[in-house]
Amino acid sequence: NQAKRQQLAVSAFDPGQDAVTTDALALLAELQDALAADDQILLHLQPAVDLITAAPTGAEALVRWRHPRRGQLSPGDFVPAVEHSAELQTAFTARVLDLALEAAGSWQAVGIDVPVSVNVSARSLLDPGFPAQVAEALRRHRAPASYLVLEITESVAVSQERIVDEVLAELRDMGVQLSLDDFGTGYSSLAIVTRVPVDEIKIDRSFVDDMIESPAAEAVVRGAVELGARLGVRVVAEGVETIEQRAALIALNCPTAQGYHFCKPMPADKIVQALTALAEAAPANIRPLRADD
Ligand code: C2E
Ligand code: MG
Ligand code: MG
Ligand code: MG
(Lines give C-alpha, C1' and ligand atoms only; values in the text may rest on other atoms or scores of the structure.)
(Ligands and ions follow the chains in the order given, each with its own letter.)
Protein backbone atom coordinates (compact mmCIF):
# COMPACT_ATOMS: atom_id res chain seq x y z
CA ASN A 1 0.00 0.00 0.00
CA GLN A 2 2.82 2.36 0.89
CA ALA A 3 4.57 1.44 -2.34
CA LYS A 4 1.39 2.31 -4.22
CA ARG A 5 1.12 5.66 -2.43
CA GLN A 6 4.71 6.37 -3.27
CA GLN A 7 4.11 5.55 -6.89
CA LEU A 8 1.09 7.83 -6.95
CA ALA A 9 3.11 10.62 -5.41
CA VAL A 10 5.82 10.21 -8.00
CA SER A 11 3.44 10.16 -10.93
CA ALA A 12 1.57 13.16 -9.59
CA PHE A 13 4.80 15.19 -9.66
CA ASP A 14 5.98 13.94 -13.02
CA PRO A 15 6.28 17.15 -15.02
CA GLY A 16 5.69 15.18 -18.18
CA GLN A 17 2.13 14.49 -17.08
CA ASP A 18 -0.81 16.80 -16.85
CA ALA A 19 -1.92 15.48 -13.47
CA VAL A 20 -2.63 18.45 -11.25
CA THR A 21 -1.91 17.62 -7.63
CA THR A 22 -4.20 18.45 -4.73
CA ASP A 23 -1.53 20.89 -3.57
CA ALA A 24 -1.52 22.65 -6.90
CA LEU A 25 -5.32 22.83 -6.91
CA ALA A 26 -5.33 24.33 -3.42
CA LEU A 27 -2.75 26.84 -4.55
CA LEU A 28 -4.86 27.80 -7.56
CA ALA A 29 -7.89 28.41 -5.33
CA GLU A 30 -5.80 30.52 -2.97
CA LEU A 31 -4.40 32.50 -5.87
CA GLN A 32 -7.92 33.29 -6.99
CA ASP A 33 -8.58 34.72 -3.51
CA ALA A 34 -5.25 36.54 -3.57
CA LEU A 35 -6.20 38.27 -6.82
CA ALA A 36 -9.60 39.21 -5.38
CA ALA A 37 -7.89 40.78 -2.37
CA ASP A 38 -6.00 43.97 -3.09
CA ASP A 39 -2.90 43.62 -0.93
CA GLN A 40 -1.65 40.06 -1.40
CA ILE A 41 -0.01 40.32 -4.80
CA LEU A 42 2.65 42.98 -4.81
CA LEU A 43 5.78 44.00 -6.65
CA HIS A 44 9.31 44.56 -5.64
CA LEU A 45 11.24 46.71 -8.07
CA GLN A 46 14.93 46.59 -8.83
CA PRO A 47 16.72 49.41 -10.67
CA ALA A 48 18.90 48.73 -13.69
CA VAL A 49 21.80 51.17 -13.90
CA ASP A 50 24.58 52.51 -16.08
CA LEU A 51 27.63 50.43 -15.09
CA ILE A 52 29.96 53.44 -14.87
CA THR A 53 27.77 56.17 -13.38
CA ALA A 54 25.13 54.00 -11.65
CA ALA A 55 22.47 56.34 -13.05
CA PRO A 56 19.18 54.46 -13.36
CA THR A 57 18.22 53.16 -16.82
CA GLY A 58 15.06 51.28 -15.80
CA ALA A 59 13.54 49.10 -13.10
CA GLU A 60 12.34 45.50 -13.18
CA ALA A 61 9.08 44.40 -11.59
CA LEU A 62 9.50 41.23 -9.51
CA VAL A 63 6.25 39.80 -8.21
CA ARG A 64 5.69 38.66 -4.61
CA TRP A 65 2.73 37.00 -2.92
CA ARG A 66 2.07 37.98 0.67
CA HIS A 67 0.35 34.73 1.58
CA PRO A 68 -1.99 34.99 4.60
CA ARG A 69 -0.43 31.92 6.28
CA ARG A 70 2.80 31.09 4.50
CA GLY A 71 4.31 34.57 4.48
CA GLN A 72 5.98 36.14 1.47
CA LEU A 73 6.30 33.80 -1.50
CA SER A 74 8.71 34.18 -4.42
CA PRO A 75 7.66 33.91 -8.06
CA GLY A 76 9.15 30.42 -8.34
CA ASP A 77 6.66 29.24 -5.67
CA PHE A 78 3.51 30.19 -7.59
CA VAL A 79 4.10 31.50 -11.12
CA PRO A 80 4.23 27.93 -12.50
CA ALA A 81 0.82 27.27 -10.91
CA VAL A 82 -0.64 30.42 -12.48
CA GLU A 83 0.24 29.04 -15.89
CA HIS A 84 -2.08 26.07 -15.29
CA SER A 85 -5.18 28.19 -15.71
CA ALA A 86 -5.95 30.51 -18.61
CA GLU A 87 -8.33 32.57 -16.51
CA LEU A 88 -5.91 33.00 -13.63
CA GLN A 89 -3.11 33.78 -16.03
CA THR A 90 -5.09 36.63 -17.57
CA ALA A 91 -6.09 38.06 -14.18
CA PHE A 92 -2.57 37.70 -12.83
CA THR A 93 -1.02 39.39 -15.87
CA ALA A 94 -3.49 42.26 -15.59
CA ARG A 95 -2.59 42.75 -11.93
CA VAL A 96 1.17 42.70 -12.55
CA LEU A 97 0.84 45.14 -15.47
CA ASP A 98 -1.31 47.46 -13.33
CA LEU A 99 1.13 47.45 -10.43
CA ALA A 100 4.12 47.92 -12.75
CA LEU A 101 2.56 50.82 -14.67
CA GLU A 102 1.46 52.44 -11.43
CA ALA A 103 5.05 52.24 -10.20
CA ALA A 104 6.43 53.61 -13.48
CA GLY A 105 3.97 56.50 -13.22
CA SER A 106 5.28 57.28 -9.74
CA TRP A 107 8.86 57.82 -10.91
CA GLN A 108 7.92 59.42 -14.22
CA ALA A 109 5.97 61.95 -12.14
CA VAL A 110 9.21 63.13 -10.50
CA GLY A 111 11.04 63.36 -13.82
CA ILE A 112 12.86 60.04 -13.85
CA ASP A 113 12.22 59.01 -17.43
CA VAL A 114 13.04 55.29 -17.45
CA PRO A 115 10.78 52.34 -18.30
CA VAL A 116 9.51 49.50 -16.14
CA SER A 117 10.37 45.92 -17.15
CA VAL A 118 7.77 43.20 -16.67
CA ASN A 119 8.46 39.47 -16.87
CA VAL A 120 6.13 37.69 -19.24
CA SER A 121 5.05 34.06 -18.87
CA ALA A 122 5.35 31.60 -21.71
CA ARG A 123 1.62 31.23 -21.68
CA SER A 124 0.99 34.93 -22.37
CA LEU A 125 3.01 34.77 -25.57
CA LEU A 126 0.79 31.94 -26.77
CA ASP A 127 -2.31 34.04 -26.09
CA PRO A 128 -3.47 36.00 -29.16
CA GLY A 129 -5.32 38.34 -26.77
CA PHE A 130 -2.16 39.34 -24.90
CA PRO A 131 -1.22 42.42 -27.01
CA ALA A 132 -4.74 43.82 -26.56
CA GLN A 133 -4.45 43.19 -22.83
CA VAL A 134 -1.20 45.17 -22.74
CA ALA A 135 -2.76 47.99 -24.80
CA GLU A 136 -5.71 48.08 -22.41
CA ALA A 137 -3.40 48.34 -19.37
CA LEU A 138 -1.47 51.20 -21.02
CA ARG A 139 -4.77 52.99 -21.69
CA ARG A 140 -5.94 52.51 -18.09
CA HIS A 141 -2.78 54.20 -16.87
CA ARG A 142 -2.57 56.78 -19.66
CA ALA A 143 0.95 55.50 -20.19
CA PRO A 144 2.83 55.57 -23.50
CA ALA A 145 4.08 52.21 -24.73
CA SER A 146 7.63 53.49 -24.19
CA TYR A 147 7.14 53.13 -20.41
CA LEU A 148 7.05 49.36 -20.83
CA VAL A 149 9.66 46.69 -21.50
CA LEU A 150 8.50 43.07 -21.64
CA GLU A 151 11.04 40.43 -20.63
CA ILE A 152 10.75 37.12 -22.44
CA THR A 153 12.87 34.01 -22.08
CA GLU A 154 14.61 32.26 -24.88
CA SER A 155 12.90 28.93 -24.34
CA VAL A 156 9.61 30.55 -25.28
CA ALA A 157 10.89 32.80 -28.01
CA VAL A 158 12.69 29.90 -29.63
CA SER A 159 9.61 27.74 -29.92
CA GLN A 160 8.54 27.74 -33.54
CA GLU A 161 4.96 28.67 -32.75
CA ARG A 162 3.66 31.12 -35.32
CA ILE A 163 1.44 32.61 -32.67
CA VAL A 164 4.46 33.69 -30.57
CA ASP A 165 5.93 35.50 -33.58
CA GLU A 166 2.63 37.29 -34.19
CA VAL A 167 2.18 38.31 -30.56
CA LEU A 168 5.75 39.65 -30.39
CA ALA A 169 5.39 41.55 -33.68
CA GLU A 170 2.13 43.13 -32.51
CA LEU A 171 3.71 44.26 -29.24
CA ARG A 172 6.66 45.83 -31.03
CA ASP A 173 4.35 47.59 -33.47
CA MET A 174 2.62 49.12 -30.46
CA GLY A 175 5.98 50.54 -29.34
CA VAL A 176 6.55 48.19 -26.41
CA GLN A 177 10.19 47.13 -26.06
CA LEU A 178 11.22 43.49 -25.84
CA SER A 179 14.03 42.12 -23.71
CA LEU A 180 15.58 38.67 -23.90
CA ASP A 181 15.89 37.51 -20.28
CA ASP A 182 18.45 35.03 -18.90
CA PHE A 183 20.41 35.24 -22.16
CA GLY A 184 22.76 32.33 -22.72
CA THR A 185 20.89 29.72 -20.70
CA GLY A 186 18.36 28.47 -23.24
CA TYR A 187 18.70 26.69 -26.53
CA SER A 188 20.33 28.38 -29.54
CA SER A 189 21.18 31.58 -27.71
CA LEU A 190 22.73 33.06 -30.81
CA ALA A 191 20.12 31.96 -33.35
CA ILE A 192 17.30 33.53 -31.40
CA VAL A 193 18.34 37.11 -32.17
CA THR A 194 17.99 36.41 -35.88
CA ARG A 195 14.35 35.40 -35.40
CA VAL A 196 13.06 37.73 -32.72
CA PRO A 197 13.76 41.44 -33.00
CA VAL A 198 14.58 42.43 -29.42
CA ASP A 199 15.63 45.79 -27.99
CA GLU A 200 17.66 44.40 -25.10
CA ILE A 201 19.43 41.28 -23.94
CA LYS A 202 20.01 40.43 -20.28
CA ILE A 203 23.06 38.29 -19.65
CA ASP A 204 22.13 35.55 -17.20
CA ARG A 205 23.37 35.91 -13.66
CA SER A 206 25.21 32.57 -13.80
CA PHE A 207 27.82 33.96 -16.24
CA VAL A 208 28.29 37.14 -14.20
CA ASP A 209 28.70 34.96 -11.09
CA ASP A 210 31.52 32.96 -12.68
CA MET A 211 33.23 35.53 -14.89
CA ILE A 212 36.03 36.39 -12.43
CA GLU A 213 37.14 32.76 -11.97
CA SER A 214 36.16 31.25 -15.28
CA PRO A 215 37.67 32.43 -18.57
CA ALA A 216 34.88 30.56 -20.36
CA ALA A 217 32.17 32.47 -18.49
CA GLU A 218 34.03 35.71 -19.18
CA ALA A 219 34.14 34.79 -22.88
CA VAL A 220 30.37 34.28 -22.92
CA VAL A 221 29.84 37.71 -21.35
CA ARG A 222 32.27 39.29 -23.80
CA GLY A 223 30.50 37.59 -26.70
CA ALA A 224 27.08 38.76 -25.55
CA VAL A 225 28.30 42.35 -25.13
CA GLU A 226 29.82 42.34 -28.62
CA LEU A 227 26.70 40.78 -30.10
CA GLY A 228 24.57 43.48 -28.49
CA ALA A 229 26.83 46.25 -29.79
CA ARG A 230 26.76 44.86 -33.34
CA LEU A 231 23.00 44.49 -33.29
CA GLY A 232 22.50 47.88 -31.67
CA VAL A 233 20.58 46.41 -28.73
CA ARG A 234 21.07 47.28 -25.07
CA VAL A 235 22.94 44.76 -22.95
CA VAL A 236 22.22 44.35 -19.24
CA ALA A 237 24.34 42.17 -16.95
CA GLU A 238 22.19 40.48 -14.29
CA GLY A 239 23.12 39.74 -10.70
CA VAL A 240 26.15 42.01 -10.25
CA GLU A 241 27.08 41.61 -6.60
CA THR A 242 30.68 42.83 -6.29
CA ILE A 243 32.88 45.75 -7.28
CA GLU A 244 35.19 43.23 -9.02
CA GLN A 245 32.35 42.07 -11.26
CA ARG A 246 31.42 45.69 -11.98
CA ALA A 247 35.02 46.48 -12.99
CA ALA A 248 35.29 43.36 -15.15
CA LEU A 249 32.03 44.26 -16.93
CA ILE A 250 33.19 47.85 -17.52
CA ALA A 251 36.44 46.44 -18.98
CA LEU A 252 34.31 44.46 -21.46
CA ASN A 253 32.33 47.61 -22.38
CA CYS A 254 29.10 46.25 -20.95
CA PRO A 255 26.83 49.31 -20.67
CA THR A 256 24.26 48.45 -18.00
CA ALA A 257 23.66 46.16 -15.04
CA GLN A 258 21.33 45.07 -12.31
CA GLY A 259 22.23 43.46 -9.01
CA TYR A 260 22.68 43.69 -5.26
CA HIS A 261 25.92 45.68 -5.72
CA PHE A 262 23.84 48.60 -6.98
CA CYS A 263 20.44 48.05 -5.41
CA LYS A 264 18.37 45.16 -4.08
CA PRO A 265 14.75 44.76 -5.20
CA MET A 266 12.72 47.35 -3.22
CA PRO A 267 9.07 47.50 -2.13
CA ALA A 268 7.06 49.70 -4.53
CA ASP A 269 6.71 52.50 -1.98
CA LYS A 270 10.50 52.81 -1.68
CA ILE A 271 11.44 52.68 -5.34
CA VAL A 272 11.09 56.39 -6.20
CA GLN A 273 13.42 57.23 -3.33
CA ALA A 274 15.93 54.60 -4.49
CA LEU A 275 15.87 55.76 -8.13
CA THR A 276 16.17 59.40 -7.06
CA ALA A 277 19.19 58.61 -4.87
CA LEU A 278 20.88 56.76 -7.74
CA ALA A 279 20.14 59.61 -10.18
CA GLU A 280 21.45 62.27 -7.79
CA ALA A 281 24.61 60.35 -6.91
CA ALA A 282 25.51 59.78 -10.58
CA PRO A 283 28.23 62.14 -11.79
CA ALA A 284 26.56 64.45 -14.30
CA ASN A 285 29.76 65.04 -16.25
CA ILE A 286 30.05 61.40 -17.28
CA ARG A 287 27.85 60.66 -20.23
CA PRO A 288 25.97 57.36 -19.80
CA LEU A 289 27.53 54.67 -21.93
CA ARG A 290 25.31 53.49 -24.76
CA ALA A 291 25.11 50.23 -26.65
CA ASP A 292 26.20 51.88 -29.91
CA ASP A 293 29.34 53.56 -28.49
P1 C2E B 1 14.63 37.18 -13.51
O2 C2E B 1 13.71 37.91 -14.41
O3 C2E B 1 15.92 36.71 -14.10
O4 C2E B 1 14.85 38.15 -12.26
C5 C2E B 1 16.05 38.32 -11.59
C6 C2E B 1 16.06 37.56 -10.28
O7 C2E B 1 17.37 37.71 -9.69
C8 C2E B 1 15.10 38.11 -9.22
O9 C2E B 1 14.69 37.03 -8.41
C10 C2E B 1 15.99 39.06 -8.42
O11 C2E B 1 15.51 39.30 -7.12
C12 C2E B 1 17.29 38.30 -8.41
N13 C2E B 1 18.47 39.15 -8.24
C14 C2E B 1 18.64 40.43 -8.62
N15 C2E B 1 19.87 40.86 -8.33
C16 C2E B 1 20.53 39.83 -7.78
C17 C2E B 1 21.88 39.65 -7.29
O18 C2E B 1 22.74 40.55 -7.32
N19 C2E B 1 22.20 38.43 -6.79
C20 C2E B 1 21.28 37.41 -6.74
N21 C2E B 1 21.71 36.25 -6.21
N22 C2E B 1 20.03 37.53 -7.20
C23 C2E B 1 19.65 38.73 -7.72
P24 C2E B 1 13.15 36.79 -8.10
O25 C2E B 1 12.53 38.10 -7.71
O26 C2E B 1 13.07 35.66 -7.13
O27 C2E B 1 12.54 36.36 -9.48
C28 C2E B 1 12.87 35.12 -10.04
C29 C2E B 1 12.26 34.94 -11.41
O30 C2E B 1 10.84 34.91 -11.35
C31 C2E B 1 12.58 36.09 -12.35
O32 C2E B 1 13.88 35.93 -12.86
C33 C2E B 1 11.48 35.95 -13.38
O34 C2E B 1 11.84 35.01 -14.38
C35 C2E B 1 10.31 35.39 -12.56
N36 C2E B 1 9.33 36.46 -12.29
C37 C2E B 1 9.43 37.51 -11.45
N38 C2E B 1 8.33 38.29 -11.49
C39 C2E B 1 7.49 37.74 -12.41
C40 C2E B 1 6.18 38.10 -12.94
O41 C2E B 1 5.57 39.10 -12.58
N42 C2E B 1 5.67 37.27 -13.90
C43 C2E B 1 6.32 36.16 -14.34
N44 C2E B 1 5.75 35.41 -15.27
N45 C2E B 1 7.55 35.80 -13.88
C46 C2E B 1 8.12 36.58 -12.92
MG1 MG C 1 13.53 39.26 -15.66
MG1 MG D 1 16.68 37.70 -15.73
MG1 MG E 1 17.44 35.18 -14.13
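Computation of the quantities below employed the complete heavy-atom set of this structure, encompassing side-chain atoms and omitting hydrogens, waters and symmetry-equivalent molecules. Note that this is a predicted model, so its numbers are computed, not measured. Both ligands and their constituent atoms are indexed starting at 1 by order of listing.
Not a single heavy atom of G76 sits under 4.0 Å from any atom of ligand 1. Heavy atoms of E83 come nearer than 4.0 angstrom to ligand 1 in no pair at all. Contact analysis leaves H44 out of contact with ligand 1, as no non-hydrogen atom separation drops below 4.0 angstrom.
The CG atom of D182 sits 8.5 Å away from atom CZ of R205, with the distance rounded to the nearest 0.5 Å.
Proximity of W107 to T276: side-chain heavy atoms (C-beta onward) are nowhere separated by under 4.5 Å. In this structure, the side chains of E30 and R69 come closer than 4.5 Å at one or more pairs of heavy atoms. Taking 4.5 Å as the limit, every side-chain heavy atom of V176 sits out of range of all side-chain heavy atoms of P131. Between Y260 and V240 there is no side-chain heavy-atom pair separated by less than 4.5 Å.
For ligand 1, the atoms closer than 4.0 angstrom to any heavy atom of V96 are 41 (O). Taking a cut-off of under 4.0 Å to the non-hydrogen atoms of P265, the atoms of ligand 1 that pass are 11 (O). Atom numbering of ligand 1 starts at 1 in the shown order; those under 4.0 Å from a heavy atom of V79 are 44 (N). Set against the non-hydrogen atoms of S121, the atoms of ligand 1 under 4.0 Å away are 44 (N). Counting atoms of ligand 1 from 1 in the listed order, those under 4.0 Å from a heavy atom of D181 are 1 (P), 2 (O), 3 (O). Residue contact check: G239 has heavy atoms under 4.0 Å from atoms 16 (C), 17 (C), 18 (O) of ligand 1. For ligand 1, the atoms closer than 4.0 angstrom to any heavy atom of G259 are 15 (N), 18 (O).
Across F78, F262, Y260, heavy-atom proximity to atom 17 (C) of ligand 1 is greatest for Y260. Relative to atom 20 (C) of ligand 1, the option among E238, E151, E241 with the closest non-hydrogen atom is E241. With distances taken over non-hydrogen atoms, the option nearest atom 15 (N) of ligand 1 out of R205, Q258, Q46 is Q46.
Judged as a side-chain contact (heavy atoms from CB on, under 4.5 Å), and not counting sequence neighbours, the contacts of N119 are E60, L62, E151, D181. With sequence neighbours excluded, no residue forms a salt bridge (Lys or Arg N to Asp or Glu O under 4.0 Å) with R246.
For S179, every N, O or S atom stays at 2.8 Å or more from the Mg ion (ligand 2).
A salt bridge is absent between R222 and E226; no separation between the charged side-chain nitrogens and carboxylate oxygens falls under 4.0 Å. Salt bridge absent: D77 and R70 never bring a charged side-chain N and a carboxylate O closer than 4.0 Å. Using a 4.0 Å cut-off between charged side-chain N and carboxylate O, R140 and D98 make a salt bridge.
The Mg ion (ligand 2) sits nearest to atom OE2 when only the N, O or S atoms of E60 are considered.
Enclosure of atom CD in E166 by more than 12 non-hydrogen atoms of other residues, nucleotides or ligands within 6.0 angstrom is indicated.
Annotation: V63 places an N or O atom under 3.5 Å from an N or O atom of ligand 1; distance criterion only. Considering backbone and side-chain N/O of H261, none are found under 3.5 Å from N/O of ligand 1. An N or O contact shorter than 3.5 Å links R64 to ligand 1 by distance.
Take the Mg ion (ligand 2) as the corner point: the lines to OD2 of D181 and to OE1 of E151 open at 90°, to the nearest 10 degrees.
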